Amino acid sequence: MAVSTPARPREQGTRGFRAPVGETVREKFTQFVLLLGTLVAIAVLAILLIDIALDGVGGLSLDFLTNYTSRFPERTGIREGITGTLSLMVLVALMTFPLGVGAALYLEEFAPRNRWTRLLETNINNLAGVPSIVYGLLGLSVFVFFLGFGRSLITGALTLTALVLPVVIVASREALRAVPREIRDGGLALGATPLQVAARQTLPAAIPSIMTGMILSLSRAIGETAPILVAGAAFSRRADNEPWNLTEGYTAIPIQIFDFVKRPQQEFQVEVASAAIIVLMVLLLIMNSAAIVIRNRYSRNR
Amino acid sequence: MDQRTSTESQLTSSPLRLDAASASSPRKSAAEGPSWSKDSGTAQSDANASRQEDVVFDVRDLSVHYGSAPALVDVSMTIRRREITAFIGPSGCGKSTFLRCFNRTNDLIPSAKVTGRIDYHEQDLYAKEVDAVEVRRRIGMVFQKPNPFPKSIYDNLTFGPKVNRMKVDYDEVVETSLRRAALWDEVKGKLQQNAYSLSGGQQQRLCIARALTVDPEVILMDEPCSALDPIATSRIEDLMRELQKDFTIVIVTHNMQQAARVSDRTAFFTAEVESETDDRRFGRLVEVAETSKIFSNPDDKRTEDYVSGRFG
Ligand SMILES: Nc1ncnc2c1ncn2[C@@H]1O[C@H](COP(=O)(O)OP(=O)(O)O)[C@@H](O)[C@H]1O
Ligand SMILES: [Mg+2]
């Protein structure tokens with residue numbers, strides 16, 4: 001490198017660091033537009049939430065959570081909706097976790113890469129994008145009629161499981177794929193079988209992401225109305241409330257909200273429905289927070 | 001889990017988990033000449049009779065293809081007991097591919113096809129009845145990038161014994177292997193810490209310690225120092241010299257000084273086109289000899305050019 005550089009005009013030297021004026025304006029403008037978009041989205045959400053909160057907070061009380069549905073707005077509650085939603089959540093989780101993670105492990109770690117597995121993968125990816133009401137129709141024809149489960153809790157749980165399974169499989173596969181190849185190599189090089197490596201290294205390393213995906217899918221499932229409505233959820237269930245009875249009818253919070261909104265009385269349409277929405281939202285918020293906590297806990301430990 | 005009480009303790013004594021008949025005593029069957037090795041030139045093994053005990057791997061006409069593309073063609077050489085054998089050569093000449101043949105890691109790459117033969121103590125490594133998983137336990141491997149498991153140091157070192165259902169005292173295995181890998185003093189107070197909290201050099205020594213926990217006979221190392229600084233590198237080199245007393249070591253390195261410093265024998269590979277008429281490119285073994293000979297007085301012109309820095 002030559003040490004003595006040819007003398008350069010001072011002006012050029014200093015201006016070299018300054019961005020051209022047009023560029024700066026364009027940059028600022030773009031940022032402003034993006035910010036505006038974000039603000040509009042947040043504002044709409046905030047208005048919606050505030051509106052619901054104002055409408056519903058008056059209807060919230062302990063009685064609202066523990067009372068059964070009634071014809072009278074001041075006496076009604078969503079007890080059977082809450083128990084139904086919780087039962088659905090647990091059942092869907094119990095079915096989705098082994099099926100979803102098992103399928104993901106198989107596809108990601110063991111399946112040969114051939115025409116059939118590619119076909120399978122394409123189908124799973126496409127199923128993740130099928131409208132939820134289609135799953136309701138599937139539930140109605142397969143679980144209610146063909147398998148004869150009727151309009152029961154298990155039908156609802158199976159329908160929602162079918163709905164979230166593709167999403168859970170895709171999310172779990174991505175979680176497994178994010179585990180470095182080197183960890184598998186290290187395990188295999190110690191004389192572990194591929195199954196041992198999958199069970200003791202790859203899966204544990206992927207579990208935090210898998211759990212996050214699971215919880216987010218579950219929260220989608222319990223917010224769904226259309227599929228279980230089509231597959232036979234009832235609007236209320238009072239006389240024989242046994243939340244865990246798989247073969248009995250059931251209801252869920254979103255179904256009850258739908259019912260309240262359809263009722264003729266103004267109180268049901270506004271106050272009671274909004275109160276039920278608040279309960280549902282709090283439930284979803286808790287689940288999403290759990291997902292975030294899990295993700296943060298494990299990413300810090302890494 | 002009850003691995004430790006499992007009855008599968010024969011794993012530590014039996015060689016490659018062959019069928020029941022030959023599993024009991026491999027050395028004896030090797031001496032008697034097992035049926036499948038009779039065709040492979042008795043004359044040759046007679047000639048080497050005096051050194052037979054010393055030969056760990058006998059590679060004959062080994063070729064590896066990825067799909068239809070040859071990566072390594074017609075390699076024949078031996079790896080000797082308690083020696084450090086270095087593989088050198090320009091990148092892409094198939095050193096890693098060759099190394100992976102010794103513990104059958106190539107089996108895990110669907111497109112890879114190995115032809116020819118590797119005998120491990122006179123036992124065909126690629127024979128049908130040989131279990132690749134057991135091969136990998138007997139023949140350990142250390143990788144280019146340190147790859148500890150995302151777990152505690154302690155758990156990193158007990159994984160091997162656990163999956164192999166070795167009936168051992170885990171605390172003892174952890175301490176012995178760490179001492180052997182010259183890491184004990186640095187980590188003895190923090191065995192429960194995540195292995196990722198160690199420095200790169202420490203992680204690589206942990207990986208070496210981890211390989212030692214399952215008591216292998218051979219340790220394969222694929223450029224184990226290429227991600228490390230010079231001080232960490234020199235510690236690993238010292239360690240290799242130490243380990244050589246008990247283990248047979250094969251190391252791939254792109255660092256010729258390293259080969260010269262640590263190895264007893266050196267094999268030089270190249271992927272140059274062989275002739276004007278044939279422009280296919282694949283790895284070949286050019287020359288294998290005592291390291292001192294390779295670096296001072298090689299037989300082949302290409303070796304001389306490479307070690308003197310004229311190409312590669
Ligand atoms: N998994 C693989 N699939 C296909 N080709 C491979 C694979 N691994 C290595 N190769 C090819 O084999 C040749 C030798 O590679 P490698 O053994 O990694 O060489 P080296 O370790 O000497 O640099 C290269 O041409 C490389 O592209
Ligand atoms: Mg390599």
Side-chain angles (χ1 to χ4, degrees), chain A residues 101 104-121 172-213 294-302, chain B residues 1 3 11-12 16-17 100 102-105 107-111 131-152 155-166 193-197 203 206-207 210-216 219-222 227:
Chain A
V101 174
L105 263 180
Y106 173 72
L107 288 172
E108 205 52 40
E109 307 291 319
F110 301 105
R113 298 269 174 267
N114 61 29
R115 200 144 31 106
W116 298 112
T117 47
R118 265 201 301 280
L119 187 72
L120 200 63
E121 281 168 16
S172 305
R173 289 191 68 183
E174 263 154 33
L176 289 169
R177 214 173 303 145
V179 176
R181 170 89 245 153
E182 288 82 14
I183 288 178
R184 298 175 179 82
D185 291 342
L188 293 170
L190 287 167
T193 64
L195 190 62
Q196 286 172 325
V197 171
R200 288 158 173 257
Q201 296 295 348
T202 320
L203 186 58
I207 264 304
S209 316
I210 291 178
M211 288 308 291
T212 310
I294 289 178
R295 192 165 44 207
N296 289 350
R297 158 99 42 88
Y298 284 92
S299 59
R300 224 182 304 126
N301 280 2
R302 274 303 190 77
Chain B
M1 305 243 164
Q3 289 96 8
L11 292 192
T12 46
L16 301 173
R17 213 183 280 166
R100 286 198 296 266
F102 290 104
N103 69 346
R104 292 192 53 171
T105 325
D107 293 18
L108 303 166
I109 303 171
S111 68
D131 180 3
V133 171
E134 182 64 9
V135 170
R136 286 181 214 124
R137 192 185 73 68
R138 299 278 303 241
I139 301 161
M141 192 164 204
V142 175
F143 298 83
Q144 183 162 356
K145 209 176 123 225
N147 62 343
F149 303 130
K151 301 190 165 177
S152 71
D155 288 348
N156 264 273
L157 297 168
T158 54
F159 177 76
K162 275 182 185 163
V163 295
N164 287 292
R165 302 185 166 109
M166 290 163 69
Q193 268 183 28
N194 196 300
Y196 283 15
S197 65
Q203 286 188 14
L206 177 66
C207 291
R210 190 177 67 183
L212 303 181
T213 56
V214 291
D215 203 19
I219 303 169
L220 309 171
M221 300 184 172
D222 193 349

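Owing to the predicted nature of the structure, the values given are computational and were not obtained by experimental measurement. Reminder, nothing fancy here: chain letters follow the sequence lines and each chain counts from 1. Basis for what follows: all heavy atoms, side chains included, without hydrogens, waters or symmetry-related copies.
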Contact summary for [X] and [Y], nearest pair of heavy atoms:
X	Y	value
A:I183	B:F149	O-CE2, 3.5 Å
A:A192	B:V163	CB-CG2, 3.8 Å
A:A189	B:M141	CB-CB, 3.9 Å
B:K151	A:R200	NZ-O, 2.8 Å
A:L190	B:N164	O-ND2, 2.9 Å

Might you confirm whether atom CZ of A:R113 has over 12 heavy atoms from other residues, nucleotides or ligands at distances under 6.0 Å? yes

How many angstroms lie between atom [atom1] of [X] and atom [atom2] of [Y], to the nearest 0.5 angstrom?
X	Y	atom1	atom2	result
B:K145	A:D185	NZ	CG	10.5 Å
B:R137	A:T193	CZ	OG1	14.0 Å
A:L188	B:T105	CG	OG1	8.5 Å

Honestly, the part of B:R104 sitting under 4.5 Å from a heavy atom of chain A is neither

At a 4.5 Å cut-off on heavy atoms, which part of B:L108 comes close to chain A: side chain, backbone, both, or neither? side chain

I want to check something: taking the side chain as every heavy atom from C-beta on, are A:P180 and B:N147 in contact at a cut-off of under 4.5 Å?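 In short, these two side chains do not touch, never coming nearer than 4.5 Å.
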
Can you name the salt bridge (Lys or Arg N to Asp or Glu O under 4.0 Å) partners of B:D222, sequence neighbours left out?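 If we apply the salt bridge (Lys or Arg N to Asp or Glu O under 4.0 Å) test to B:D222, skipping adjacent residues, there are no hits.
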
Could I get the full list of side chain to side chain contact (heavy atoms under 4.5 Å, CB included) partners for B:D215, not counting sequence neighbours? none

